[in-house]
Amino acid sequence: MGRIQQIINEFADHKAQLKVLEAGCGSISKVEFPRNTHITGIDISENQLRRNTLIDEKILGDIQYYRFKPKSFDIIISWYVLEHVPRPELALKSFAEAIKEGGLVIFAVPNVFSLKGFITKFTPHWFHVFIYKYLHGWKDAGKSDIGPFKAYLRFSIAPLSIKNFARKNGFQIELFSTFDAFNYWVGTSIKEKSKLGYLFIKNLLAFLKTISFGKIGDSEFAVVLKKQEAHTVLQEEESLSIS
């Protein structure tokens, strides 16, 4: 997260004013923005929007189907949201249309091609609620608008799919960072419950990564995409056609 905050700070230094969209904003913002920023937040939960006091403009809507004015935002950020919608490719298409040339689209999602990703995708929601209650100690997990929320984790937001999306929609990848939740909050929670279980999962992760030749990877990834200017995209297409 530190590197992403640094990219945002450097980007903001060259702007007199920033227009930011937090897509699936929830009740809190995930990064810090300078004072000269107008933040629009969109969320499907009215309660989450009501509790968010940091955004300037609130939209009650679905990021899959809401259409923003084209080229209207300098930064679009969506933090652990795309895995919770049935058609994340529609949200990504909307982001591509709503971002200005030179603007940044930033998001983080779980990696479906990971042990955590497989478990998340192919187990029912009640199991996720149980894990949060038992492993993380969330007594109210699953109640009202408290997570965990239903996860679809479509293959359209797998790492390779995101790289293809970037290439097809005129984005340059500024940052593509992976990390494994087991090395942070997940592993810590498991270790507190069972040291034997912790060692088993740790060795299982290493085994799966080895036998899959890296195809089964870290459980999370974060991406910063920069929308290229139209003439830059045209020059690259011409270069490819010539070669």
Side-chain angles (χ1 to χ4, degrees), residues 1 4-5 8 18-35 37-69 72-95 97-99 104-110 112 116-117 119-121 123-154 156-157 181 184-186 188-189 219-223:
M1 193 64 188
I4 290 176
Q5 185 66 62
I8 291 173
L18 279 180
K19 291 194 68 177
V20 172
L21 171 66
E22 289 215 38
C25 60
S27 58
I28 58 173
S29 294
K30 312 304 185 294
V31 298
E32 295 181 0
F33 295 104
R35 291 183 179 179
T37 302
H38 183 277
I39 304 176
T40 299
I42 179 172
D43 203 284
I44 202 168
S45 169
E46 187 173 0
N47 290 333
Q48 295 276 1
L49 280 173
R50 187 183 301 114
R51 290 196 291 265
N52 194 322
T53 60
L54 298 177
I55 53 181
D56 303 295
E57 181 181 349
K58 301 181 180 183
I59 299 173
L60 181 63
D62 190 328
I63 63 171
Q64 299 169 104
Y65 304 107
Y66 194 91
R67 286 297 169 260
F68 303 94
K69 182 180 177 181
S72 54
F73 297 104
D74 297 293
I75 297 176
I76 298 175
I77 184 166
S78 186
W79 206 252
Y80 285 105
V81 176
L82 294 173
E83 69 272 23
H84 296 297
V85 296
R87 300 195 64 187
E89 69 278 2
L90 295 181
L92 288 171
K93 181 180 179 182
S94 176
F95 298 167
E97 294 171 351
I99 196 69
L104 304 178
V105 174
I106 303 169
F107 56 89
V109 291
V112 65
K116 177 174 174 277
I119 293 173
T120 300
K121 183 172 179 61
T123 55
H125 181 62
W126 65 260
F127 179 75
H128 303 166
V129 173
F130 169 77
I131 290 296
Y132 271 72
K133 285 184 176 180
Y134 173 74
L135 199 61
H136 301 300
W138 290 21
K139 294 181 179 180
D140 295 326
K143 294 181 180 179
S144 185
D145 61 345
I146 299 173
F149 305 109
K150 183 175 176 60
Y152 298 92
L153 198 52
R154 302 300 194 197
S156 58
I157 53 171
Y184 299 93
W185 63 93
V186 173
T188 300
S189 297
S219 68
E220 326 290 318
F221 67 97
V223 183

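Judged as a side chain to side chain donor-acceptor pair (under 3.5 Å), and not counting sequence neighbours, the contacts of Lys116 are Glu220.
Without hydrogens or angle criteria, Glu83 side chain to Val81 main chain gives a donor-acceptor distance under 3.5 Å. Formation of a donor-acceptor pair under 3.5 Å by the Ser189 side chain with backbone atoms of Trp185 is found in this model. Between the side chain of Asp43 and the backbone N or O of Leu49 there is no donor-acceptor pair closer than 3.5 Å. A donor-acceptor pair under 3.5 Å links the side-chain atoms of Ser219 to the main chain of Ala181, judged by distance alone. Without hydrogens or angle criteria, Arg67 side chain to Ser94 main chain gives no donor-acceptor distance under 3.5 Å. In terms of modelled atom types and a separation under 3.5 Å, the side chain of Lys121 and the main chain of Leu153 share a donor-acceptor contact.
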For residues 22-32, which side-chain N or O atoms pair as donor and acceptor with protein atoms under 3.5 Å away, sequence neighbours left out?
| residue | atom | partner | partner atom | Å |
| --- | --- | --- | --- | --- |
| Glu22 | OE2 | Ser29 | OG | 2.8 |
| Ser27 | OG | Gln48 | OE1 | 3.3 |
| Lys30 | NZ | Cys25 | O | 3.3 |
| Lys30 | NZ | Ile28 | O | 3.1 |

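Proximity of Phe73 to Leu18: side-chain heavy atoms (C-beta onward) are nowhere separated by under 4.5 Å. Counting heavy atoms from C-beta outward, Asp56 and Thr40 have side chains that stay 4.5 Å or more apart. When side chains are defined from C-beta on, Ile75 counts as touching Ile106, because their heavy atoms get closer than 4.5 Å. Side-chain contact between Val129 and Trp138 is absent, with no heavy-atom pair separated by less than 4.5 Å. Residues Thr120 and Pro110 fail the side-chain proximity criterion, which asks for heavy atoms closer than 4.5 Å.
Shown here is Lys58, whose NZ atom has more than 12 heavy atoms of other residues, nucleotides or ligands within 6.0 Å. Counting non-hydrogen atoms of neighbouring residues, nucleotides and ligands closer than 6.0 angstrom, the OH atom of Tyr65 exceeds 12 such neighbours. Within a 6.0 Å radius of OH in Tyr66, no more than 12 heavy atoms belonging to other residues, nucleotides or ligands are found.
Closest heavy-atom contact between Phe33 and Ile77: CZ-CG2, 4.5 Å. Taking every heavy atom of both residues into account, Val85 and Tyr152 meet most closely at C-CD1, 3.5 Å. The minimum heavy-atom distance between Ile44 and Asp62, with the atom names listed, is CD1-OD2, 4.0 Å. Contact record, Leu54 with Ile39: O-CD1, 3.9 Å, taken as the closest heavy-atom pair. Residues Leu82 and Ser78 come closest through the heavy atom pair CG-OG, 4.2 Å. For the residue pair Val105 and Phe95, the shortest heavy atom distance occurs at CG1-CD1, 4.2 Å.
With hydrogens and angles left out, the side-chain atoms of His128 and Thr123 include a donor and acceptor closer than 3.5 Å.
Expressed to the nearest 0.5 Å, how far CZ of Phe221 lies from CD1 of Ile157 amounts to 6.5 Å. Atom CG of Leu104 and atom CD1 of Ile76 lie 10.0 Å apart (nearest 0.5 Å). We find the CD1-NE2 distance between Ile63 and His84 to be 10.0 Å, quoted to the nearest 0.5 Å. From Ile146, atom CD1 reaches atom CG of Asn47 across 10.0 Å, with rounding to the nearest 0.5 Å. In this structure, Ile42 CD1 and Glu57 CD are separated by 10.0 Å, a value rounded to the nearest 0.5 Å.
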Should Leu92 and Phe107 be marked as a side chain to side chain contact (heavy atoms under 4.5 Å, CB included) after you check the CA-CA gap, both sets of side-chain angles, and the distance that decides it?
CA-CA 10 Å; Leu92 288 171; Phe107 56 89; 4.1 Å; yes

Could you walk me through whether Phe130 and Tyr132 pass ring pair (Phe, Tyr, Trp, His ring centres under 6.0 Å), step by step?
CA-CA 5 Å; Phe130 169 77; Tyr132 271 72; over 10 Å; no

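Sorted by first and then second residue, the pairs that involve residues 134-152 and meet salt bridge (Lys or Arg N to Asp or Glu O under 4.0 Å), not counting sequence neighbours, are Arg51-Asp145, Asp140-Lys143.
A salt bridge links Glu46 with Arg50: the closest approach of a Lys/Arg side-chain nitrogen to an acidic carboxylate oxygen falls below 4.0 angstrom.
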